[in-house]
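First up is the structure itself, then whatever we jot down about it.
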Amino acid sequence: MVDLDQDPFYSNGTTDEISKKLLGMLLTYDSPKGLVGGRIVETEAYMGQKDSAAHAFKGRRTASNEPLYGPPGTVYIYSIHGRYLLDVAAQAKDVPQGILIRAIEPTIGLAVMEQNRTRHGVELTNGPGKLMEAFGIADKDMNMEIFGDSKLNIHQDDKKIPIQIEESNRIGVANQGTWATKPLRYFVKGNPYVSGIKKRDYDQKSHGWR
DNA sequence: ACACGGATATTCT
DNA sequence: GAATATCCGTGTA
């Protein structure tokens with residue numbers, strides 16, 4: 001059994017650094033309808049107690065954000081606006097910093113995801129609630145599980161390299177205090193599955209991968 | 001009971 | 001592109 005607090009990936013670096021490292025990694029879910037997944041193309045870092053936009057701001061701790069306090073690699077699913085969003089705890093146990101996985105470029109189980117979403121093309125997975133709907137996840141049953149031990153997995157060794165990582169402020173936290181404007185959102189420049197990207201900014205050739 | 005949010009879809013100028 | 005309707009679980013009262 002691995003010592004989770006010593007995890008060589010999640011504990012190695014600050015949460016914003018890890019958010020960038022996740023870009024290009026393969027995210028999979030072993031769903032009841034078959035394996036689904038894709039490349040992570042957009043993430044956001046939430047820096048814990050000090051971060052006015054984070055769920056754990058000022059050490060806030062409730063039943064629903066408890067997974068943030070789990071060991072690195074803990075699955076944190078939470079609901080907002082009637083959707084489910086996927087986070088991963090990024091630091092040692094009791095350090096409540098997390099990374100929101102906002103979009104993926106789908107590569108596995110396209111037919112299943114299209115059925116779950118009743119949409120296709122970029123609309124399949126170009127947003128945090130959309131990718132969870134595509135996966136067919138509509139509950140928080142996997143909370144507190146660890147990526148890799150869970151049916152959810154982030155394959156650290158199966159990774160494409162972005163040509164360029166772009167940064168911006170985080171989405172949907174506009175009036176969440178002084179941290180609202182910090183550049184803690186990261187995405188693969190030119191990838192069509194990044195939320196809100198304009199068609200003219202697509203990298204048609206390589207989707208932003210090296 | 002009730003207000004609201006780490007979102008999405010639809011409907012307009 | 002921007003405005004708006006709707007989503008429903010969660011925190012606070």
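The model shown is predicted, which means the values in this text are computed figures rather than measured ones. We use all heavy atoms of the structure for the numbers below, so side chains are in, but hydrogens, waters and symmetry mates are not. By convention in this document, chain letters (A, B, ...) are assigned in the order of the sequence lines, proteins followed by strands, and residues within each chain are numbered from 1.
- Between A:R117 and A:I80, the residue whose closest nucleotide on DNA chain B is further toward the 5' end is A:I80.
- Of the residues in residues 119-145 of chain A, those lying under 4.0 Å from DNA chain B by heavy-atom distance are A:R119, A:E123, A:G127, A:P128, A:G129, A:K130.
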Could you run through nucleotides 1-6 of chain C and give me one letter per nucleotide, 5' to 3': B if any protein heavy atom sits under 4.0 Å from the base, S if only the sugar-phosphate is that close, - if neither? S-----
Check: protein-nucleotides 1-4 of chain B nitrogen or oxygen pairs below 3.5 Å:
none

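- Legend: residues meeting ring-ring contact (aromatic ring centres under 6.0 Å, His included) with A:Y84, ordered by chain and number and at least two apart, are absent.
- Geometrically, A:R39 does not engage A:Y193 in a cation-pi contact defined by less than 6.0 Å to the ring centre and at most 45° from the axis.
- Within residues 173-187 of chain A, the residues having any heavy atom closer than 4.0 Å to DNA chain B are, in order of number, A:V173, A:Q176.
- Counting distance only, with no hydrogens placed and no angle test, the side-chain atoms of A:Y78 and the base atoms of C:dG9 include no donor-acceptor pair under 3.5 Å.
- For A:D87, there are no salt bridge (charged side-chain N to carboxylate O under 4.0 Å, His left out) partners at least two apart in sequence or on another chain.
- Only at 4.0 angstrom or more do the heavy atoms of residues 94-101 of chain A sit from any atom of DNA chain C, so none qualifies.
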Decide salt bridge (charged side-chain N to carboxylate O under 4.0 Å, His left out) for A:K182 and A:D16; before the verdict, give the C-alpha distance in whole Å, the side-chain angles of both, and the deciding distance to 0.1 Å. CA-CA 11 Å; A:K182 292 197 186 276; A:D16 52 324; over 6 Å; no
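- Within a heavy-atom distance below 4.0 Å of DNA chain B, the residues of residues 40-49 of chain A found are A:Y46.
- The stretch residues 104-113 of chain A has no heavy atom under 4.0 angstrom from DNA chain B at all.
- For the residue pair A:N116/A:K33, the side-chain donor-acceptor check at 3.5 Å is satisfied.
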Could you list all N or O pairs between the protein and nucleotides 11-13 of chain C that sit under 3.5 Å apart?
residue : atom : partner : partner atom : Å
C:dG11  : OP1  : A:T62   : OG1          : 2.5
C:dG11  : OP1  : A:S64   : OG           : 3.2

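- In DNA chain B, the stems built from three or more successive Watson-Crick or G-U pairs (distances below 3.5 Å) are B:1-5 with C:8-12, B:7-12 with C:1-6.
- The side-chain contact (heavy atoms from CB on, under 4.5 Å) check on A:T181 picks up nothing, with sequence neighbours excluded.
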